[in-house]
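Atoms considered below: every heavy atom in the structure, side chains included; atoms not considered: hydrogens, waters and symmetry mates.
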Amino acid sequence: MALATHNFSTDNHGWAELLAKREATSPLSGDHRVPWVVIGAGVTGLSAAKRLAQHNPNDQIILLDARKLGQGASGRNSGYAVAISQFSGAFDKNQETNYRRVNRINTQGLDLLRQQVNDLGIDCQWQEDGFYHTAADEKSLKEYDNFKDHLNQLGYEHTLLNQDELTERLGTNLYKSGVHVPKGVLLQPAALVHGLGDNLPHNVTLYENSPVLKINQGEPAVLDLENGKITADKVIIATNYEAPKLGFIKRYIMGSTLSGSFTRQLTTDELSSLGTLKEWGVLSLHSGGATVRLTQDNRFSLRNTAEYHGAVLMSDTLLSKRREIHRAAFEKRFPQLAHVPFEFSWSGVEGISQNFTNFFGQQTSNIYLAGGYNGSGVSRGTAFGAALADYACNVSSQLVDDCLASAPATWIPPRPFLDIGAFFKVKMRFIGVGLDR
């Protein structure tokens with residue numbers, strides 16, 4: 001069955017709202033015959049298209065997005081390009097190979113992004129000073145002990161910080177313990193996606209607002225769009241949690257809808273009431289804890305809700321209710337800024353698997369897919385996109401091997417069991433969150 005265009009929810013919120021207005025490319029129309037199509041122009045699809053162009057400089061490549069650039073998950077995350085992942089629980093020696101494999105993927109994705117941002121001169125508020133992993137309540141304090149043991153066992157650079165040291169740096173005394181991991185990047189995610197999309201290789205053509213409604217599998221594959229059709233030798237699917245709409249990884253991935261808020265820009269006096277750092281990012285060591293950033297343009301960004309919401313964005317009415325949760329968390333951390341209003345709130349969807357693995361590989365003889373980054377899509381999605389293009393072009397590498405080594409995803413039951421199970425799985429993230437929310 002073909003999809004309707006309204007199945008791709010979007011709104012005007014998110015990081016793109018902080019940028020100058022950008023004109024979208026024209027939607028695809030008419031019939032096209034090409035060697036390659038990439039579906040999805042987030043960080044994974046952009047990375048795949050660029051790598052395909054490098055391998056096939058004489059081939060025409062079509063890159064499609066159902067929305068405008070920056071209005072999907074790649075422009076609605078919190079702007080953390082992770083190099084060193086936090087694995088919950090105690091260090092497991094039997095999992096050391098897997099820990100290192102995941103972090104190699106993260107690091108290579110970060111390296112690819114850095115090179116592109118530098119080569120293309122993309123202004124995306126790139127700040128390479130890592131993140132603060134923090135703990136305020138009992139459960140997260142246990143994860144603090146686990147995380148520092150992971151870092152020690154794996155030999156990753158880090159600095160342990162007590163409550164006074166965190167207060168001095170961040171300007172809030174909420175957190176009792178924390179770890180600064182210097183490897184990692186803060187950025188403006190919509191600006192990154194805009195910059196990559198506006199500087200594509202000469203043989204890549206981007207069509208925005210062009211959802212694929214149906215893929216007719218075969219050799220070649222035929223893609224039906226609202227006002228056109230594409231016949232392609234090979235197809236790369238980089239739509240993450242929306243891949244099931246196209247008939248792939250059904251029952252293996254679901255969407256968790258998150259929400260956050262931005263303050264207005266802080267004044268000089270308001271900034272002076274904070275700590276010594278003028279830009280920073282906090283990742284809670286509790287899976288349901290708040291992600292908090294002081295951005296380069298002097299705003300606070302705070303995200304602290306996640307729920308199963310049918311893998312769609314929230315309405316303005318629902319966002320206004322979530323904003324109350326954001327507000328309470330903000331004022332708990334920064335009572336001296338209780339007078340500072342939020343400028344707007346936003347929601348976004350992350351693709352998660354039942355067992356928190358990733359998807360990578362060949363779906364049919366000429367269709368390839370990557371997705372399911374479980375909240376680390378900026379760096380990991382970049383790496384998976386490049387590796388998938390390599391794989392589709394029969395180019396071997398350590399990165400391809402690492403991506404192929406992802407554990408198989410666990411099956412997810414159909415509705416209504418899906419709705420019940422997904423609701424409780426996402427809700428479990430907040431058990432014992434306490435002060436960290």
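Salt bridge present: R76 and D11 bring a charged side-chain N and a carboxylate O closer than 4.0 Å. Between K229 and D224 there is no salt bridge, since no side-chain nitrogen of the basic residue lies less than 4.0 Å from a carboxylate oxygen of the acidic one. Electrostatic pairing of R323 and D316 does not count as a salt bridge here, judged by no charged N lying under 4.0 Å from a carboxylate O. One finds a salt bridge joining R114 and E128 here, because a Lys/Arg side-chain nitrogen approaches an Asp/Glu carboxylate oxygen to under 4.0 Å. Salt-bridge check for D145 with K148: passed, with a basic side-chain N closer than 4.0 Å to an acidic carboxylate O. Here R22 pairs with E208 in a salt bridge; the nearest charged N to carboxylate O distance falls below 4.0 Å. Taking the charged nitrogens against the carboxylate oxygens, R67 and E242 do have a contact shorter than 4.0 Å, which makes a salt bridge.
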### Query
Can you check side chain to side chain donor-acceptor pair (under 3.5 Å) on S88 and N146, steps first, answer last?
CA-CA 7 Å; S88 61; N146 290 331; over 6 Å; no

### Task
Report the C-alpha separation of S259 and T305 in whole Å, then their side-chain angles, then the decisive distance to 0.1 Å, and conclude whether the side chain to side chain donor-acceptor pair (under 3.5 Å) test is met.
CA-CA 6 Å; S259 69; T305 74; 2.4 Å; yes

### Message
The test is side-chain contact (heavy atoms from CB on, under 4.5 Å); show your working for Y132 and L277 and say whether it passes.
### Response
CA-CA 12 Å; Y132 290 83; L277 299 179; 3.2 Å; yes

#### Entry: Candidate pair I62 and V204, rule side-chain contact (heavy atoms from CB on, under 4.5 Å), full reasoning
CA-CA 6 Å; I62 288 179; V204 178; over 6 Å; no

### Query
Going through the distances and angles, do N304 and H326 end up as a side-chain contact (heavy atoms from CB on, under 4.5 Å)?
CA-CA 7 Å; N304 71 343; H326 308 157; 2.9 Å; yes

### Message
Set out, in order, the CA-CA distance, both residues' side-chain angles and the distance that settles salt bridge (Lys or Arg N to Asp or Glu O under 4.0 Å) for D402 and R101, then state yes or no.
### Response
CA-CA 6 Å; D402 283 340; R101 178 188 65 84; 5.7 Å; no

### Query
Can you list the steps and then say if N355 with T357 is a side chain to side chain donor-acceptor pair (under 3.5 Å)?
CA-CA 6 Å; N355 56 335; T357 190; 5.1 Å; no

### side-chain contact (heavy atoms from CB on, under 4.5 Å) between L285 and Q86, worked out
CA-CA 8 Å; L285 285 162; Q86 177 207 352; 3.7 Å; yes

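Contact detail for S320 and T317: the closest heavy-atom pair is OG-O, 2.6 Å.
Both tests pass for R327 against the ring of F342: distance under 6.0 Å to the centre and angle within 45° of the axis. Cation-pi check for K245 over F8 is met; the charged atom lies under 6.0 angstrom from the ring centroid and within 45 degrees of its normal.
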Considering only distance and modelled atom types, tabulate donor-acceptor pairs under 3.5 Å from the side chains of residues 383-394, sequence neighbours left out.
{"residue": "D390", "atom": "OD1", "partner": "R51", "partner atom": "NH1", "Å": "3.0"}
{"residue": "D390", "atom": "OD1", "partner": "H55", "partner atom": "NE2", "Å": "2.6"}
{"residue": "D390", "atom": "OD2", "partner": "R51", "partner atom": "NH1", "Å": "2.8"}

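Within the structure, every pair that satisfies the ring pair (Phe, Tyr, Trp, His ring centres under 6.0 Å) test and touches residues 91-115, not counting sequence neighbours, is listed here: F87-Y99, F91-Y99, F91-H150, Y99-H150.
When only modelled atom types and interatomic distance are considered, Y175 and R333 share a side-chain donor-acceptor pair under 3.5 Å. A donor-acceptor contact closer than 3.5 angstrom is absent between the side chains of T295 and Q125. Side-chain atoms of R380 and T44 form no donor-acceptor pair, as typed in the model, at a separation below 3.5 Å. With hydrogens and angles left out, the side-chain atoms of S376 and N106 include no donor and acceptor closer than 3.5 Å.
Going from atom CG of L52 over to atom CD1 of I61 covers 5.0 Å, rounded to the nearest 0.5 Å.
Between the E143 side chain and the G89 main chain, a donor and an acceptor come within less than 3.5 Å of each other.
In summary, of the residues considered (L223, L246, N366), a side-chain contact (heavy atoms from CB on, under 4.5 Å) with V235 occurs for L223 alone.
Residues F300 and F262 place their aromatic rings such that the two centres sit no closer than 6.0 Å.
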